[in-house]
Chemist: 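Mind having a look at this structure? Questions to follow.
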Amino acid sequence: MALRTGDQYREGQSKIKHNLYINGNKVENLQDNPNTKTVLDANVKVFDLGLESQYDEIMNVVSPLIGGKVSRNVHPSHSAKDLEMRAEMAVLTSQKLGTCNYRCPGCDAMHATASATYEMDQKLNTEYHKRFIEWLKYIQKNDLAVSGGVMDVKGPRNLRPGEGDPDHYLRIAEKRPDGIVLRGARMHQSGAYAADETLLVPGVSPRPGEEPYAVACAVKNSQEGITYIAQYNAMSAEREFMGDNSKLGNPTYGQRETCLIVFDNVFVPWERVFMCGETEYAHKILLRFAKQHRMACGGSCKAGFIDLIIGATQVLTEYLGLDKAPAIRQQITEMIKVREISYGLAIAAAYRGEEEPKGSGFYLPNDTFGNAAKLNTCDGFWEVMKWAGDIAGGFTVTMPSEKELENPVTKPLVEKYLKTNASAKDRMRMTRFLQNWIAGLHGVGTWHGAGPRQNQMIMLYRDTDLEQKKQMAKALAELKD
Ligand SMILES: Cc1cc2nc3c(=O)[nH]c(=O)nc-3n(C[C@H](O)[C@H](O)[C@H](O)COP(=O)(O)OP(=O)(O)OC[C@H]3O[C@@H](n4cnc5c(N)ncnc54)[C@H](O)[C@@H]3O)c2cc1C
């Protein structure tokens, strides 16, 4: 099959009997619930972007595995140029959706799995890479949407896997002649209930003795034993209550939707198992996922989000008559600075990407630049929100509902008192869009997605050659050892 259209993807999802719960209610058809529908619509948009000729180089690539054009979302990079386009895809989809490209973590898990399984087959004489490539060819041929399942629920963070509830980290509960049985759960799973499949890779570095936790495999949406429990919050309730989405901050694509996935004795046949107990390689797969995801999700994706925040803020400066004020221009410039550093570092990470391991044909980005990109995003996104909120004023959180414009009593009052250089309606619409970014879920989401700040701090310190820097300083200071 060639690249699928958004409608073909939507039709495929309508055939799945989803085992999904949201706010205590079961949803079997994603189209039926206003919150789960946003994920469906976002995925439809990503499929359709792939069919627009001006985005072809960014969104698609010729697969060396099947020889035809495939979505970049299901393509582990084979060159530094590929990595650069992967980063550009993250910018583009963020700009077009204002939410996740929900196929992004799956794409990055493919990068890590391709690289680590290659090494395993070389060094351990296993068949994991062969199996992974066969599975990937099937995914590419059918242009399937794959989510990436990494993060365990973990329970008390001071306990090792297996020390507390054994199911708090996803584990192999049983090995059978025909496959494995999975137990446990993964949380914060972006858009997983609207994917065709989920690629699961280790979210922890298990030590010898913790082999059941070293597992990588692929599962199908809602296969027997899998339950999805969707996130739910005030914004979800508002979308249900409002009825008319046009008055919400991001009318079509909504917030970033995630879920908890529970695996209750889920059978996975051997041909879909890509790691089974090899603790040393679980560590490698996790590190390689982080390396890839910090460039794409931590760096370039958030540059796209920041573009939208800057755009909305600039519109509001004009509505409020602030656009010529020097201090305001300076604040917009601070926002641009954060954006360009994250973007620049993500692109640098791609340019400095290398084949890993050598001879595999698979490329991963430079770790230091990727970590620096994500670290800049962690700190910088809050800065951006701060400046945007400052410029848009308290109205960002005190504004009434746009529905007042449909009430004959309040309409003339709102129109008179809330207009600026723009009509009350336009001002309210754009302010609501900004509210979605700066007074919603994105601050914490952006901090934790691709790992919290401390993870990048540890990696940057570990990967920096401080001894070399000491020697440089001592040499110039003419200080003898
Ligand atoms: C919007 C969003 C989308 C996401 N999408 C996905 C996805 O699609 N797939 C996926 O697999 N994951 C996804 N994630 C998960 C993301 O990677 C995690 O949220 C992140 O790694 C942090 O994990 P946590 O939320 O469990 O927080 P924790 O790990 O509990 O961290 C909380 C704090 O505790 C600290 N901490 C944790 N453990 C220790 C320890 N042992 N010692 C000292 N300090 C510690 C951390 O540094 C941090 O400061 C997503 C997250 C978000 C918010």
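Order of listing sets the numbers, starting from 1, for every ligand and every atom in it. Both backbone and side-chain heavy atoms feed into the values below; hydrogens, waters and symmetry mates do not.
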Chemist: Of the protein's non-hydrogen atoms, which lies at the shortest distance from atom 16 (C) of ligand 1, and what is that distance?
Modeler: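 That would be H448 O, 3.5 Å.
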Chemist: Output yes when R131 and E134 qualify as a salt bridge under the 4.0 Å nitrogen-oxygen rule, no when they do not.
Modeler: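 Between E134 and R131 there is no salt bridge, as every charged N stays at least 4.0 Å from the carboxylate O atoms.
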Chemist: Determine whether the side chains of K96 and Y55 contain a donor N or O and an acceptor N or O closer than 3.5 Å.
Modeler: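 There is such a pair (donor and acceptor under 3.5 Å, judged by atom type) between the side chains of K96 and Y55.
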Chemist: How close does the nearest protein non-hydrogen atom get to atom 6 (C) of ligand 1, and which residue and atom is it?
Modeler: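 Of the protein heavy atoms, H188 O, 2.8 Å lies nearest.
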Chemist: Are any of the N/O atoms on Q189, whether in the backbone or the side chain, positioned under 3.5 angstrom from an N/O atom of ligand 1?
Modeler: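 Indeed, backbone or side chain, Q189 has an N or O that close.
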Chemist: If the threshold is 4.0 Å, N to carboxylate O, is there a salt bridge linking D108 and K291?
Modeler: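 No, this pair does not count.
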Chemist: Decide, yes or no, whether a salt bridge links K45 with D48 under the criterion of side-chain N to carboxylate O below 4.0 Å.
Modeler: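 D48 and K45: not salt-bridged.
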Chemist: Using a strict threshold of under 4.0 Å (side-chain N to carboxylate O), is an ion pair present between R432 and E238?
Modeler: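 Result for this pair is yes, salt bridge flagged.
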Chemist: Of the protein's non-hydrogen atoms, which lies at the shortest distance from atom 48 (C) of ligand 1, and what is that distance?
Modeler: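 The answer is P452 CG, 4.0 Å.
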Chemist: For R186, is the nearest heavy atom under 4.0 Å from an atom of ligand 1?
Modeler: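 Flag not set, R186 not near ligand 1.
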Chemist: Which residue, D152, D264, D165, forms the salt bridge (charged side-chain N to carboxylate O under 4.0 Å, His left out) with R183?
Modeler: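 Per the salt bridge (charged side-chain N to carboxylate O under 4.0 Å, His left out) rule, the option paired with R183 is D264, out of D152, D264, D165.
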Chemist: Output yes when the distance from some N or O of ligand 1 to some N or O of R256 is under 3.5 Å, and no in every other case.
Modeler: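 It does not: no N or O of R256 is found under 3.5 Å from an N or O of ligand 1.
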Chemist: Please determine which of Y118, W135, Y128 meets the ring-ring contact (aromatic ring centres under 6.0 Å, His included) test together with F274.
Modeler: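 Single pass found, and it is W135.
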Chemist: Run the salt-bridge test on K37 and D41 with the 4.0 Å N-O cut-off and return the result as yes or no.
Modeler: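 Yes, charged N to carboxylate O under 4.0 Å.
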Chemist: Considering only heavy atoms of V150, which atoms of ligand 1 have at least one such atom less than 4.0 Å away?
Modeler: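 Answer for ligand 1: 10 (C), 11 (O).
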Chemist: So which bit of P105 gets within less than 4.0 Å of ligand 1, heavy atoms only: side chain, backbone, both or neither?
Modeler: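 For P105, only side-chain atoms sit under 4.0 Å from ligand 1.
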Chemist: By the definition side-chain hydrogen bond (donor to acceptor under 3.5 Å, both in side chains), identify the one residue from R103, Q13, K220 that meets it with D196.
Modeler: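 Running side-chain hydrogen bond (donor to acceptor under 3.5 Å, both in side chains) over R103, Q13, K220 with D196 returns exactly one hit, Q13.
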Chemist: Are any non-hydrogen protein atoms located under 4.0 Å from atom 20 (C) of ligand 1?
Modeler: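 Answer yes: something from the protein, a heavy atom, is under 4.0 Å.
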Chemist: Please report which non-hydrogen protein atom sits nearest to atom 12 (N) of ligand 1, along with the residue it belongs to and the distance in Å to one decimal place.
Modeler: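 Protein heavy atom with the smallest distance to atom 12 (N) of ligand 1: M151 CB, 3.5 Å.
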Chemist: Flag the pair E84 and K81 as a salt bridge only when some basic side-chain nitrogen lies within less than 4.0 angstrom of an acidic carboxylate oxygen.
Modeler: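 A salt bridge is present here (some side-chain N lies under 4.0 Å from a carboxylate O).
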Chemist: Does the protein place a non-hydrogen atom closer than 4.0 angstrom to atom 41 (N) of ligand 1?
Modeler: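 For atom 41 (N) of ligand 1 the answer is yes, since some protein heavy atom falls inside 4.0 Å.
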Chemist: Identify, by atom number and element, the atoms of ligand 1 in contact range of S190, meaning under 4.0 Å from any of its heavy atoms.
Modeler: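 Those of ligand 1 that fall under 4.0 Å from S190 are 3 (C), 4 (C), 5 (N), 6 (C), 7 (C), 8 (O).
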Chemist: Is it the case that ligand 1 has an N or O less than 3.5 angstrom from some N or O of T258?
Modeler: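 No; every N/O pair is 3.5 Å or more apart.
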Chemist: Please list, in number order, the atoms of ligand 1 under 4.0 Å from a heavy atom of G148.
Modeler: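 The atoms of ligand 1 under 4.0 Å from a heavy atom of G148 are 7 (C), 8 (O), 9 (N), 10 (C), 11 (O).
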Chemist: Is there a nitrogen or oxygen of V444 sitting under 3.5 Å from a nitrogen or oxygen of ligand 1?
Modeler: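 Between V444 and ligand 1, no N or O pair is found under 3.5 Å apart.
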Chemist: Give me the nearest non-hydrogen protein atom to atom 37 (C) of ligand 1 as residue plus atom name, then the distance to 0.1 Å.
Modeler: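 I find the closest protein heavy atom is R157 CG, 3.8 Å.
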Chemist: Which atoms of ligand 1 sit under 4.0 Å from any heavy atom of Q454?
Modeler: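 With Q454 as reference, the close atoms of ligand 1 come out as 47 (O).
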Chemist: Examine distances only and state if a side-chain atom of N35 and a backbone atom of S236 form a donor-acceptor pair shorter than 3.5 Å.
Modeler: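 At least one qualifying donor-acceptor pair exists.
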Chemist: Any non-hydrogen protein atom below 4.0 Å of atom 30 (O) of ligand 1?
Modeler: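 Yes, there is one.
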Chemist: Within the structure, does at least one protein heavy atom fall under 4.0 Å of atom 1 (C) of ligand 1?
Modeler: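 Yes, there is one.
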Chemist: Find out whether the Lys NZ or Arg CZ of R256 is both under 6.0 angstrom from the six-membered ring centre of F305 and within 45° of the ring's axis.
Modeler: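 Not flagged: R256 not positioned over aromatic ring of F305.
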Chemist: What do you think, any protein heavy atom under 4.0 angstrom from atom 34 (O) of ligand 1?
Modeler: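 Neighbour list for atom 34 (O) of ligand 1 is empty of protein heavy atoms (cut-off 4.0 Å).
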Chemist: Identify whether NZ of Lys or CZ of Arg in R239 sits under 6.0 Å from the centre of the six-membered ring of F241 and within 45° of that ring's axis.
Modeler: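 No, a cation-pi geometry is absent between R239 and F241.
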Chemist: Which bit of K154 gets closer than 4.0 Å to ligand 1, counting heavy atoms only: side chain, backbone, both or neither?
Modeler: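 It is the side chain that gets close, since no backbone atom is under 4.0 Å.
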